Amino acid sequence: MSPAGRGATATHCPYCALQCAMFVEPDGQGGWATRPRDFPVNRGGLCRKGWTAGELLTSPERLGTPLVRRGGELAEATWEQALDLVAERVGALQAEHGPDGVGVFGAGGLTNEKSYLLGKFTRLALGSRMIDYNGRFCMSSAAAAAVRAFGLDRGLPFPVSDLSGAGAVLLAGANPAETMPPLMGHLTAPALVVVDPRRTATAQAALDGGGLHLAPRPGTDTALALGLLHAARLEGLLDTGYIAERTAGFEAAWEQAAAWWPERTELQTGVSASRIRAAARLLGTAAADQGAYVLTGRGTEQHAKGTDSASAWINLALALGLPGRQGSGWGCLTGQGNGQGGREHGQKADQLPGYRMITDAAAREHVAGVWGVDEADIPGAGVSAYELLDSLGTPSGPKGLLVFGSNPAVSAPAAAGVRERLDSLDLLVVADFVMSETAARADVVLPVAQWAEEEGTMTNLEGRVLRRRRALAPPPGVRTDLEVLAGLAERLGQPAGRFPSDPDAVLAELGRASAGGAADYGGVSAQRLEDGEAVHWPAPAPGASTPRLFLEGFAHPDGRARFRPVGHTPAAEQADADYPLVVTTGRTMGHYQSGAQTRRIGELAAADPQAWVEVHPDTAAEHGLAPGEWARLTARRGTMLARVRLVPTARRDTVFVPFHFGGDQTANDLTNPALDPLSRMPEFKVAAARIEPAAPGPSPAGAAPAAAGAAAPD
Ligand SMILES: Nc1nc2c(c(=O)[nH]1)N[C@H]1C(S)=C(S)[C@@H](COP(=O)(O)OP(=O)(O)OC[C@H]3O[C@@H](n4cnc5c(=O)[nH]c(N)nc54)[C@H](O)[C@@H]3O)O[C@H]1N2
Ligand SMILES: Nc1nc2c(c(=O)[nH]1)N[C@H]1C(S)=C(S)[C@@H](COP(=O)(O)OP(=O)(O)OC[C@H]3O[C@@H](n4cnc5c(=O)[nH]c(N)nc54)[C@H](O)[C@@H]3O)O[C@H]1N2
Ligand code: SF4
Ligand SMILES: [Mo]
């Protein structure tokens with residue numbers, strides 16, 4: 001690895017939870033370039049998003065000045081004008097509608113410091129219950145399942161580098177070859193088993209290496225996991241000693257699995273009984289030998305029963321004796337850059353810092369003490385992300401919303417309805433560095449600093465806290481998110497110093513607020529991270545770090561993990577005569593999430609300029625579709641346009657669309673907002689739809705929709 005040159009700053013990628021280590025340095029032409037840095041997670045690799053991440057720093061698409069809507073148009077304003085206006089409008093809305101009249105929507109891409117301060121800001125400066133964040137759309141089902149099984153949720157309870165020693169790894173609904181390419185370097189186990197309705201690059205890698213690809217019908221993962229447990233038991237592969245010593249509840253879980261013999265599982269899932277048996281054998285023999293891992297991704301979690309589906313995979317892992325063992329385990333591949341830390345510091349509707357529950361009296365006392373307020377001044381639990389978005393502007397919902405780090409106009413389920421709700425608000429404030437589809441509808445847009453212009457910490461998918469370092473100053477006219485919060489808090493009458501804009505001061509406070517909680521950052525300091533120490537939470541004291549959880553016991557009081565007796569239930573929506581296909585959604589390598597950032601990066605936009613739909617050639621013929629032509633997909637909630645790609649390995653009953661595009665190519669105009677009862681995760685991965693040729697095609701690709709309809713603030 002080439003060492004840091006002059007002017008090179010060591011930091012981490014702005015995008016996904018792998019948080020690949022990189023250098024940022026001047027490119028010699030007035031811009032900024034990135035290159036990989038040695039680090040155990042990415043080991044000198046970056047994906048194409050990482051390689052091009054510098055481009056947006058100096059892009060003409062960058063927002064450089066606050067904007068305020070006047071007479072229907074967004075017009076330039078000073079920071080004083082913009083922040084004064086927000087504070088004044090917030091005050092007026094809360095005077096009329098009460099503290100919950102204004103809400104906040106946060107994100108798992110925000111640093112730990114921002115996540116923490118955003119939760120504190122909502123509870124104290126706004127006094128509102130109404131905060132939630134896009135992590136609800138991400139790994140919330142796996143988090144809920146992990147808490148009930150292990151008593152604690154940390155995406156991977158072991159370092160990524162442990163994976164390479166295993167004999168087998170099962171990936172359920174994850175496509176890391178596209179979503180975390182450098183992770184593939186750790187998936188060197190002799191046998192990979194990939195569970196995905198599509199023959200993804202990851203599934204192909206499994207087959208190429210002599211492993212297996214199981215391609216279930218979307219929404220049938222729970223049945224498949226039950227079938228694998230059944231097959232493993234029939235083959236005599238369960239770890240009965242581990243089940244007896246380290247777990248509870250096996251018999252009740254087995255009662256559910258007993259009904260899922262492989263042939264019945266085949267009928268439900270479309271995966272052949274022989275492959276189910278083969279997968280169980282691969283995994284079970286590796287478990288007893290070199291070790292094995294079961295990992296889940298969004299494909300198996302983003303369902304209206306995603307928590308049960310994650311629990312079914314955990315049950316399989318427990319029955320094989322994997323979790324809490326060196327060299328084996330269960331884990332969830334967390335998604336956003338700070339998807340892990342973002343869920344620990346109190347931007348979730350029901351949580352306080354340290355992964356504490358906002359309804360827990362002792363937790364409230366502790367946090368109130370750190371905040372210097374009365375416990376009664378901390379409001380109670382709010383509502384989950386989709387419920388919050390769906391209530392905006394209604395009699396019972398907030399009339400004002402502040403958005404930090406998300407683009408729900410594109411990324412929320414049933415997005416056309418969500419856009420309507422956003423447009424019905426009296427006040428929409430968006431802090432962003434580009435004019436996202438959500439920012440374009442705002443009354444006030446606040447231009448903020450980007451990753452390479454600020455300091456802070458991020459917690460990667462293995463619970464390791466990392467230092468984000470500043471390589472350059474933000475452009476004049478741009479402020480950091482922490483400065484924005486400080487400026488607003490002051491105007492809302494908060495005491496000076498309660499909302500520090502210095503990230504290290506916030507980290508120190510976050511450490512105190514989280515101390516004693518499940519995600520304890522009490523011993524995390526800027527200095528430890530600067531020194532390059534690997535600090536995995538819980539880190540309650542200086543020097544403390546926990547790279548591997550559960551080796552001594554699980555986090556339930558008796559130290560045992562819990563099986564959960566889950567059965568298979570069908571997806572919320574089934575294909576029928578009017579909507580004969582299942583549409584599932586996900587990602588491609590070159591775009592990130594709603595595409596707000598990557599659609600503005602030349603090389604990435606050129607590679608994938610428009611939405612496409614993957615269709616089996618027979619299905620295409622049946623519906624009159626030709627490759628390269630535009631198709632219209634229609635679901636009960638709306639329609640989208642996408643170009644046809646013929647994929648001979650696709651299932652005939654299923655089509656796939658990426659959700660990275662806006663305008664009339666918004667995949668979420670199709671998706672079903674049916675919510676998981678526990679995690680409140682929407683059913684992003686299963687909607688019933690029909691498909692037909694669409695001529696002449698769409699308006700300009702993924703263009704931001706006109707900002708019509710948003711109410712003028714003045
Ligand atoms: N390039 C890129 N990388 C990213 C991101 C990005 O937007 N772009 N986002 C980051 C974030 S926030 C996240 S959460 C992660 C997500 O990372 P992944 O979970 O890998 O991403 P997805 O593509 O959403 O879903 C994975 C797979 O689930 C499959 N799938 C669909 N329905 C089902 C089903 O019913 N069962 C099963 N078993 N599989 C199903 C899809 O075909 C897809 O291949 O990626 C992170 N990395
Ligand atoms: N159909 C379908 N929909 C999905 C999914 C799916 O698989 N299928 N996946 C879901 C998942 S897993 C996720 S994580 C969500 C993500 O979807 P979103 O929440 O929309 O995430 P992004 O597109 O990354 O939007 C982030 C926005 O914040 C800005 N931003 C980035 N960093 C910062 C920052 O530090 N501060 C501020 N103020 N702004 C910042 C970016 O410019 C961008 O406009 O989408 C969900 N939606
Ligand atoms: S894999 Fe994730 S962290 Fe690594 S370079 Fe790509 S987007 Fe960045
Ligand atoms: Mo995500």
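Computed from a predicted model, the values in this text were never measured in an experiment. Remember, it's 1-based here, ligands and their atoms both numbered in the order they're listed. Counting begins at 1 with the first residue of the sequence.
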Out of [options], who gets a non-hydrogen atom closest to [atom]?
{"atom": "atom 19 (O) of ligand 2", "options": "Asn407, Thr666, Asn134", "value": "Asn134"}
{"atom": "atom 29 (C) of ligand 1", "options": "Asp196, Thr654, Val686", "value": "Asp196"}
{"atom": "atom 38 (N) of ligand 1", "options": "Leu183, Leu171, Asp221", "value": "Asp221"}
{"atom": "atom 2 (C) of ligand 1", "options": "His591, Lys685, Arg651, His660", "value": "His591"}
{"atom": "atom 26 (C) of ligand 1", "options": "Gly173, Cys47, Gly297, Ala203", "value": "Gly173"}

Students should be able to answer this: which protein heavy-atom is nearest to [atom], and at what distance?
{"atom": "atom 14 (S) of ligand 1", "value": "Arg298 NH1, 2.9 Å"}
{"atom": "atom 44 (O) of ligand 2", "value": "Asp432 OD2, 2.5 Å"}
{"atom": "atom 46 (C) of ligand 1", "value": "Gly335 O, 3.7 Å"}
{"atom": "atom 39 (N) of ligand 1", "value": "Pro197 CD, 3.2 Å"}
{"atom": "atom 12 (S) of ligand 2", "value": "Arg587 NH2, 3.0 Å"}
{"atom": "atom 30 (N) of ligand 2", "value": "Phe433 CZ, 3.6 Å"}
{"atom": "atom 22 (P) of ligand 2", "value": "Gln593 CB, 3.5 Å"}
{"atom": "atom 20 (O) of ligand 1", "value": "Asn175 N, 2.7 Å"}
{"atom": "atom 31 (C) of ligand 1", "value": "Thr584 OG1, 3.0 Å"}
{"atom": "atom 23 (O) of ligand 2", "value": "Ser594 OG, 2.5 Å"}
{"atom": "atom 45 (O) of ligand 1", "value": "Thr179 CB, 3.4 Å"}
{"atom": "atom 8 (N) of ligand 2", "value": "Thr585 OG1, 2.9 Å"}
{"atom": "atom 35 (O) of ligand 1", "value": "Gly219 N, 2.9 Å"}
{"atom": "atom 34 (C) of ligand 1", "value": "Gly299 O, 3.1 Å"}
{"atom": "atom 18 (P) of ligand 2", "value": "Ser411 OG, 3.3 Å"}

Q: Check whether the ring centres of His591 and Phe661 lie less than 6.0 Å apart, and answer yes or no.
A: yes
Q) Looking at Phe684 versus Phe137, is the centre-to-centre ring distance below 6.0 Å? A) yes
Q | Part of Val195 with heavy atoms under 4.0 Å of ligand 1, whether side chain, backbone, both or neither | A | both
Q. Considering only heavy atoms, does Lys49 approach ligand 1 within less than 4.0 Å through its side chain, its backbone, both, or neither?
A. side chain
Is the closest heavy atom of [X] to ligand 1 under 4.0 Å?
{"X": "Pro216", "result": "no"}
{"X": "His303", "result": "yes"}
{"X": "Thr588", "result": "yes"}

Q. Should you measure from each heavy atom of Ala596, which atoms of ligand 2 turn up under 4.0 Å away?
A. 43 (C), 44 (O)
So is there a nitrogen or oxygen of [X] less than 3.5 Å from a nitrogen or oxygen in ligand 1?
{"X": "Gln336", "answer": "no"}
{"X": "Gln302", "answer": "no"}
{"X": "Met589", "answer": "yes"}
{"X": "Pro218", "answer": "no"}

Taking distance alone, with no angle check, do [X] and ligand 2 share an N/O pair under 3.5 Å?
{"X": "Asn668", "answer": "yes"}
{"X": "Ala431", "answer": "yes"}
{"X": "Lys114", "answer": "yes"}
{"X": "Arg468", "answer": "no"}
{"X": "Asp481", "answer": "yes"}
{"X": "Glu454", "answer": "no"}

We want to know whether [X] and [Y] form a side-chain donor-acceptor pair, criterion being a heavy-atom distance below 3.5 angstrom.
{"X": "Asn338", "Y": "Asn112", "answer": "yes"}
{"X": "Thr58", "Y": "Trp32", "answer": "no"}
{"X": "Asp221", "Y": "Ser309", "answer": "no"}

Could [X] and [Y] be called an ion pair, given the rule that one side-chain N must be under 4.0 Å from one carboxylate O?
{"X": "Arg636", "Y": "Glu573", "value": "yes"}
{"X": "Arg479", "Y": "Glu453", "value": "no"}
{"X": "Glu55", "Y": "Arg600", "value": "no"}
{"X": "Glu387", "Y": "Arg680", "value": "yes"}
{"X": "Asp608", "Y": "Arg599", "value": "no"}

(Q) So does Gly106 get a backbone contact from the side chain of Lys114, meaning a donor-acceptor N/O pair under 3.5 Å? (A) no
Q.
Can you confirm whether more than 12 heavy atoms, excluding those of Arg275, are under 6.0 Å from its CZ atom?
A. no
Q) When the ring planes of Tyr15 and Tyr592 are compared, do they come out parallel, tilted or perpendicular, using 30° and 60° as the limits? A) tilted
